[in-house]
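A quick write-up on the structure given underneath.
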Amino acid sequence: MSVRTAPAQLRRDFFARSVHDVAPALIGCTLLVNGVGGPIVEVEAYDPTDPASHAFRGPTPRNRAMFGSAGHAYVYRSYGIHWCLNLVCDAAGHASAVLVRALQPTHGREEMVKRRSTSQQRLLCSGPGRLCQALAITGAYDGLALDAPPFELLPRAEPVEVATSRRIGLTKAVDREWRYTAAGSRFVSRTR
DNA sequence: CAGTGGATGCTCT
DNA sequence: GAGCATCCACTGT
């Protein structure tokens with residue numbers, strides 16, 4: 001007889017479905033990197049039909065992880081300065097991903113304050129570049145599996161109300177409402 | 001608060 | 001050589 005326990009982590013098959021299902025389902029899930037992080041409050045979806053996606057024009061050295069299997073990280077450098085973290089979705093070849101834009105800093109706050117050089121809770125992890133700096137995510141994490149250290153992804157503890165809106169900072173496909181936020185959270189990167 | 005411009009490096013044409 | 005899935009400092013109300 002087996003004892004059923006709540007899953008400790010999101011399994012790899014959580015990501016092996018449409019990015020449009022995965023993205024809203026990630027709101028409220030806790031993301032930790034080496035024990036530092038908190039509940040995700042803002043993400044954006046990028047799918048294969050999306051001109052704004054890095055994978056839209058096919059595989060390249062940079063976007064290689066997006067064409068790999070679901071449940072892995074895709075990390076790229078933004079504007080030559082910042083790192084951005086994506087979670088790869090769908091089966092191999094579909095090349096879709098969720099950009100993690102903000103989370104509520106609950107775990108390892110002192111570490112984040114040190115890395116970010118600010119003690120303002122609101123500015124620790126609100127924005128993809130800030131979040132990666134606070135969690136010390138770099139290009140070295142590109143392609144790593146999300147269900148093994150240093151990553152830890154925990155399911156929602158409670159139900160969350162998810163709001164949709166237009167994505168931030170794009171020049172292409174700006175009308176697609178593929179940004180998902182925890183309704184009312186003050187840790188999202190913008191209200192728009 | 002809103003708006004602007006600079007930093008900075010890599011990717012792809 | 002252009003264009004970024006960004007952030008910060010600085011300006012002016």
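The sequence lines fix the lettering, A, B, ..., with proteins before strands; numbering per chain opens at 1.
A donor N or O paired with an acceptor N or O is found under 3.5 Å between the base of C:dA5 and the side-chain atoms of A:Y76.
The distance between atom CD of A:E44 and atom C1' of C:dT6, rounded to the nearest whole Å, is 12 Å. For the pair A:R64 CZ and B:dT11 P, the computed distance is 11 Å after rounding to whole Å. If you take CG of A:D47 and C1' of C:dA5, they are 14 Å apart, rounded to a whole angstrom. Rounded to an integer number of Å, the gap from CE of A:M66 to C1' of B:dT11 is 15 Å. We find that CZ of A:R62 is positioned 15 Å from P of C:dG3, with the value rounded to whole Å. Distance, A:W83 CH2 to C:dT6 P: 15 Å, rounded to whole Å. Rounded to whole angstrom, the span from the CD atom of A:Q133 across to the P atom of B:dA7 amounts to 19 Å.
When both pairing distances are held under 3.5 Å, B:dG5 makes a Watson-Crick or G-U pair with C:dC8.
Between the side-chain ring of A:Y79 and the base of C:dC4, a stacking contact exists by the 5.5 Å and 30° definition.
Close to C:dA5, at under 4.0 Å from its OP1 or OP2, lies a side-chain N or O of A:H54. A sub-4.0 Å separation between OP1 or OP2 of C:dT6 and a side-chain N or O of A:R101 is present.
For the pair A:R17 and A:F15, the NZ or CZ position fails the cation-pi test of under 6.0 Å to the six-membered ring centre and within 45 degrees of the ring normal.
Nucleotides C:dA2 and B:dG6 place their P atoms 16 Å apart, quoted to the nearest Å.
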